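What follows is one structure encoded as C-alpha cells, with my remarks underneath.
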Amino acid sequence: MSQKNDSNKKKESESALFQRLIREKHPDNWLVDPISIGEKSNTGECGAFLEDEVIIYKLMDNKKIIKTGELTWPVEKHGKVDHFAFKSIFSIDGVTFVTGSRGKDIQKFLEGEKKNTFTKVPRKFYQKILGFRSKKRWKQITASLIYLFIISFIIGLFNGEDETSTSVPATKNTTTETASSTDNVSIEKKDKEPKTVKKIDPNKPITFKNGDYTVDEDILPGNYIASTKDKVGGNFAVYRKGNSNAIVNEILGTELEPPLMYNDLDIKLKKGDTIKLKSFETNVVFTPISDEELKKRTAEEEASKEEQARKAEEAKQQAEAAEAKRQSEQQAAADKAAQEASQSTNTNTNVFYANCSEVRAAGAAPISQGQPGYSRKLDRDGDGIACDQ
C-alpha cells in the first residue's frame, strides 16, 4: 500500500530541483532565475542572484550542480537592455548577459541598488510582433506563413458561414426567424437580470494565488496589508485605470529587507484596480484594515523613518566630531614635534668652544664646517676641519 502511495506522489521536476539546489547553496539569494553570459541564452544554466554578484550553475546528470561562471554587479554604469517576452538581454560595463522572464525585476535592482542606468533598445513597430522581434530570417518567414494561414482560415470560415446561411431552404425561414426572435427576447431578459457578485466579507482576510484579480469582483475596495510567507518572494503589482504603468510594483517576500524585498505592504485598492501576482511559491494574504489603522500605521512608519534619519544624523555628527578631534590631535602632535626640533636646532647652533682643548674635552673633535661649535678660529689651516691636529 505504501509503495502505491509513493508512486502516486508527484515527482519534483528537473527545473524545480535545479532551483531548489541553488537556493540551498545560497540561502541569501534574492532571486533564482535562468542567466547566461553572452548574447545567446543557455537553457541549461541558472543563477543565484546575490546583493553583489550573480553565480551561475549547471545541473549535471547526477543531480548535482556545478559552477559555470559568475558576474559582479557593476555600480554607477550605463548600459542597454532589450526585453523580450521570455528573456531580457543586458549589455553594461563591457559585459552582455541574458536572463529569463524576470528581466524587469533585475533591471529595477540594478538601477535602484547599484545606481546603474539603462537605455531601452528601440524597436520598429513590426519588430514588436511575435516572430519578428529576433530579426532572424527563418523566424520571420515562419511567422509570416503562420499569420497568412490564420488569416486565410478566418476568411474561409466566414465565407463558409455565408454560403451555409444562403443555402437553407426558404420553407425554414419562418422557423428560423421565430427562433431568432425568441433568442433575442431571452438575451434581453438576461441583460436586464442583475449580475451575480460574489459575496465577500469585508472584515476577513482574502488569500490569492498567482494570477490576475479585479477589485470589486474578487476583492472589495479599501485598505489592506499584503503579506506572504514566501521567502524567495514574487512580483506584486497593482494597475489602475488610466495609468499605463503600475502604481505598485514590488518584490513581496520575507528573506530580504527593503528596498530589495517588502512584506506587510500597506496598499489602498480602488474599484477597477487590477492586481497581478507572479512567481509566488505560497499564497498572498490581503488583510483589511480601517482608515484609522492605516493612518496609525502610516504615522508609525513616518516616525520610524524620522528616527532612523535622526540616528543617522547623530552618527554622522559623531563621526565628524571624532574626525575633527583626530585631526586636531594629529596637528598638535606635529606642532610639538616641530617645536622640539626647533629647540634642538637652536641648542646645537649655540654651541661655542674657546679653544681646541675644550673641543677635545667635550669629545667633539674634529669639527667640520657646518657642525655645531665650528669656527675659523679653531680651523688654523683653513681646510674646513677644526681641531684636527
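Numbers for residues simply follow the sequence, beginning at 1. As the structure is a prediction and not an experimental result, all values here were calculated from the model.
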Between Phe90 and Phe118, ring centroids under 6.0 Å: yes
Taking only Lys NZ, Arg NE, NH1 and NH2, and the carboxylate oxygens of Asp or Glu, determine whether Arg310 and Glu314 approach each other closer than 4.0 Å. yes
Regarding Thr214 and Thr274, do their side chains bring together a donor and an acceptor under 3.5 Å, going by distance alone? no
Does a salt bridge link Lys108 with Glu250, judged by any charged N lying under 4.0 Å from a carboxylate O? yes
Just wondering, do Leu269 and Pro221 contact through their side chains at under 4.5 Å, heavy atoms? no
Answer yes or no: is there an ion pair linking Glu281 with Arg23, defined by an N-O contact shorter than 4.0 Å? yes
Quick test of your reading of the model: are Asp105 and Arg102 salt-bridged, counting only N-O distances below 4.0 Å? yes
For Ser101 and Asp33 the tightest heavy-atom approach is N-OD2, 3.9 Å
Would you call Glu111-Lys114 a salt bridge at under 4.0 Å N-O? no
Considering only NZ, NE, NH1 and NH2 on the basic side and carboxylate oxygens on the acidic side, decide whether Glu24 and Arg20 come within less than 4.0 Å. yes
Phe109 versus Leu50, closest heavy-atom pair with distance: CZ-O, 4.1 Å
Please tell me whether Asp379 and Tyr374 have a donor and an acceptor in their side chains that are separated by less than 3.5 angstrom. yes
Side-chain donor/acceptor of Asn263 to backbone N/O of Thr254, under 3.5 Å: no
Criterion side-chain hydrogen bond (donor to acceptor under 3.5 Å, both in side chains) against Gln327, the qualifying member of Gln330, Gln331, Glu323: Glu323
A side-chain contact here means heavy atoms from C-beta on lying under 4.5 Å apart; do Val81 and Ile92 qualify? no
Report yes or no: do Val215 and Tyr213 belong to one cluster of Ile/Leu/Val/Met/Phe/Trp/Tyr joined by side chain heavy-atom distances under 4.5 Å? yes
Let me know which of His26, Lys25, Lys64 forms a side-chain hydrogen bond (donor to acceptor under 3.5 Å, both in side chains) with Tyr57. His26
Please work out whether the ring planes of Tyr224 and Phe286 are parallel, tilted or perpendicular, with thresholds of 30° and 60°. perpendicular
Within the 4.5 Å heavy-atom criterion, are Ile385 and Ile367 side-chain neighbours or not? no
Quick check: is Phe236 connected to Met261 through a chain of hydrophobic side chains (ILVMFWY, heavy atoms under 4.5 Å apart)? no
For Asn223 and Lys268, does a side-chain donor sit closer than 3.5 Å to a side-chain acceptor? yes
Would you confirm whether Thr96, through its side chain, and Gly38, through its main-chain N or O, come within 3.5 Å as a donor-acceptor pair? no
Any idea which heavy atoms bring Leu277 and Phe208 closest together, and the distance? CD1-CB, 3.6 Å
